[in-house]
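Heads up: the structure comes next, in structure tokens.
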Number of protein chains: 2
Amino acid sequence: MPPAAQVDGIFRALSDPTRRHVLERLSRSPASVSELAQPYKMALPSFLEHLRVLEGCGLVSSRKQGRVRTYQLAPDRLKLAEDWLGRQRTMWERRLDRLDSYLMAMKEEETE
Amino acid sequence: MPPAAQVDGIFRALSDPTRRHVLERLSRSPASVSELAQPYKMALPSFLEHLRVLEGCGLVSSRKQGRVRTYQLAPDRLKLAEDWLGRQRTMWERRLDRLDSYLMAMKEEETE
DNA sequence: GAAAAACTTAGGTCAATACCTAAGTATTTG
DNA sequence: CAAATACTTAGGTATTGACCTAAGTTTTTC
């Protein structure tokens with residue numbers, strides 16, 4: 001999978017509040033499907049789909065022991081999203097800097 | 001709009017490569033619709049929809065002068081996404097610092 | 001003032017998402 | 001081993017998303 005497509009999937013996954021909430025929950029500790037589902041009034045199969053999306057883009061991983069499937073975070077994936085945002089930020093900051101110096105120059109000229 | 005819904009929209013907007021590309025382009029300088037559309041083989045109305053999504057969630061703003069509409073970044077909105085990711089990251093890192101033996105075990109098995 | 005430029009609007013297809021209910025399949029547990 | 005638990009699969013609906021073509025509208029330009 002090309003990295004751009006991976007980033008697509010990660011941002012897509014993060015665009016749903018249920019999924020973000022699950023990630024927040026998992027940042028405290030791993031948890032089973034039913035533990036994760038418990039706060040939501042959603043039907044279980046619907047909720048499972050969210051977990052599948054999170055696992056599909058690599059933000060979480062799961063393992064089944066007996067009849068219980070346990071999910072946990074896979075933190076390295078979040079970096080892809082963070083990296084993109086970080087790059088963006090430095091770019092637009094650079095741009096604002098340029099704008100700044102442009103405005104400064106304007107001001108200089110103005111006061112001459 | 002509740003902040004969670006705003007974050008939804010921003011992540012959703014970022015999940016499309018065309019839209020991310022447009023943001024990257026705009027981090028260099030403001031640009032007109034046709035300048036922005038030029039690199040893509042997509043029909044103009046389709047492309048415009050992407051711009052509408054970006055403007056809808058506040059990542060860019062636009063203004064029309066004569067027959068030309070010019071878009072520019074609205075950098076403060078990216079912060080909402082960055083902030084969520086940042087908070088997440090510190091939580092995840094805190095959790096990883098605890099180095100649960102459980103998590104270690106899972107990781108071991110995962111890499112098998 | 002007709003034609004070109006730069007969008008804009010209208011409307012249509014097709015696939016993917018986010019839900020649902022109902023009926024499975026494994027795994028414990030009593 | 002029957003019943004309960006913990007998912008899982010199958011299949012259905014309704015909305016939204018990402019594209020398209022065709023036909024506007026509003027400036028500019030010649």
Side-chain angles (χ1 to χ4, degrees), chain A residues 1-2 4-23 25-26 29-72, chain B residues 1-2 4-26 29-72 81 102 106:
Chain A
M1 179 152 51
Q6 287 188 34
V7 176
D8 288 7
I10 291 164
F11 279 129
R12 185 77 191 67
L14 294 176
S15 75
D16 183 277
T18 299
R19 290 193 291 257
R20 284 200 308 279
H21 208 233
V22 166
L23 291 176
R25 166 64 188 79
L26 286 178
S29 72
S32 69
V33 170
S34 30
E35 280 170 338
L36 291 172
Q38 182 266 313
Y40 307 95
K41 63 182 203 298
M42 196 180 300
L44 193 58
S46 312
F47 183 75
L48 278 177
E49 185 55 32
H50 287 303
L51 294 180
R52 234 169 275 132
V53 169
L54 287 171
E55 190 160 24
C57 71
L59 285 171
V60 307
S61 65
S62 76
R63 211 173 41 124
K64 194 163 187 178
Q65 317 156 67
R67 60 187 168 176
V68 176
R69 181 176 293 277
T70 305
Y71 279 88
Q72 66 158 3
Chain B
M1 178 154 51
Q6 287 188 32
V7 177
D8 288 8
I10 291 164
F11 279 129
R12 187 76 191 66
L14 294 176
S15 74
D16 184 275
T18 299
R19 291 193 290 258
R20 285 200 308 280
H21 232 151
V22 167
L23 291 175
E24 282 168 20
R25 166 63 189 79
L26 286 178
S29 71
S32 69
V33 170
S34 29
E35 279 170 340
L36 291 171
Q38 183 267 312
Y40 308 96
K41 64 182 202 298
M42 196 181 298
L44 193 59
S46 312
F47 183 75
L48 278 176
E49 184 54 33
H50 288 302
L51 294 180
R52 231 171 275 132
V53 169
L54 288 171
E55 190 160 25
C57 71
L59 286 172
V60 306
S61 64
S62 75
R63 212 169 44 117
K64 196 164 185 175
Q65 317 156 66
R67 61 188 167 174
V68 176
R69 181 175 293 277
T70 305
Y71 280 87
Q72 61 170 336
Y102 176 82
M106 290 280 281

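Proteins come first, then strands; the chains are lettered A, B, ... in the order of their sequence lines, and each starts at number 1.
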Residues at least two apart in sequence or cross-chain that pass side chain to side chain contact (heavy atoms under 4.5 Å, CB included) with Ser46(A), listed by chain then number, are Met42(A), Ala43(A)
For Ser34(B), the side chain to side chain contact (heavy atoms under 4.5 Å, CB included) test, sequence neighbours excluded, returns Ser32(B)
Atom CZ of Phe47(B) and atom P of dG17(D) are separated, to the nearest Å, by 18 Å
In whole angstroms, the gap separating P of dA26(C) from NZ of Lys64(A) amounts to 9 Å
In whole angstroms, the gap separating C1' of dT26(D) from CZ of Arg69(B) amounts to 12 Å
Sorted by number, residues from residues 36-46 of chain B placing a heavy atom under 4.0 Å from DNA chain C are Leu44(B), Pro45(B)
So which protein N/O to nucleotides 27-29 of chain D N/O distances come out below 3.5 Å?
none

(Q) Is there a side chain to side chain contact (heavy atoms under 4.5 Å, CB included) between Gln72(A) and Ser61(A)? Walk through the geometry before answering. (A) CA-CA 6 Å; Gln72(A) 66 158 3; Ser61(A) 65; 3.3 Å; yes
Tyr71(B) OH to dT8(C) C1', in whole Å, measures 11 Å
Between CD of Glu49(B) and P of dT21(D) the distance, given in whole Å, is 16 Å
Hits for ring pair (Phe, Tyr, Trp, His ring centres under 6.0 Å) against His21(A), two or more places apart or cross-chain, chain-then-number order -> Tyr40(A)
Sorted by chain and residue number, the side chain to side chain donor-acceptor pair (under 3.5 Å) partners of Arg52(B) (sequence neighbours excluded) come out as Glu49(B)
Sorted by chain and number, sequence neighbours left out, side chain to side chain contact (heavy atoms under 4.5 Å, CB included) with Pro17(A) holds for Arg20(A), Asp8(B)
Separation of dT25(D) atom P from Leu48(B) atom CG, nearest Å, is 17 Å
* Verify the contact: side-chain N or O of Ser32(A) to OP1 or OP2 of dA6(D), cut-off strictly under 4.0 Å; return yes or no. => no
Whole-Å distance, Arg12(B) CZ to dT15(D) P, equals 17 Å
Whole-Å distance, Asp16(A) CG to dG17(D) P, equals 13 Å
Hits for side chain to side chain donor-acceptor pair (under 3.5 Å) against Glu55(A), two or more places apart or cross-chain, chain-then-number order -> Ser62(A)
Q. Quick one: is dT17(C) close enough that its OP1 or OP2 comes under 4.0 Å of any side-chain N or O from His50(A)?
A. no
Residue set satisfying side chain to side chain donor-acceptor pair (under 3.5 Å) with Glu24(B), at least two apart, ordered chain then number -> Trp84(A)
I'd like to know if the side chain of Arg19(B) reaches the main chain of Arg12(B), judged simply by a donor and an acceptor atom lying under 3.5 Å from each other, with no hydrogens or angles considered.
yes
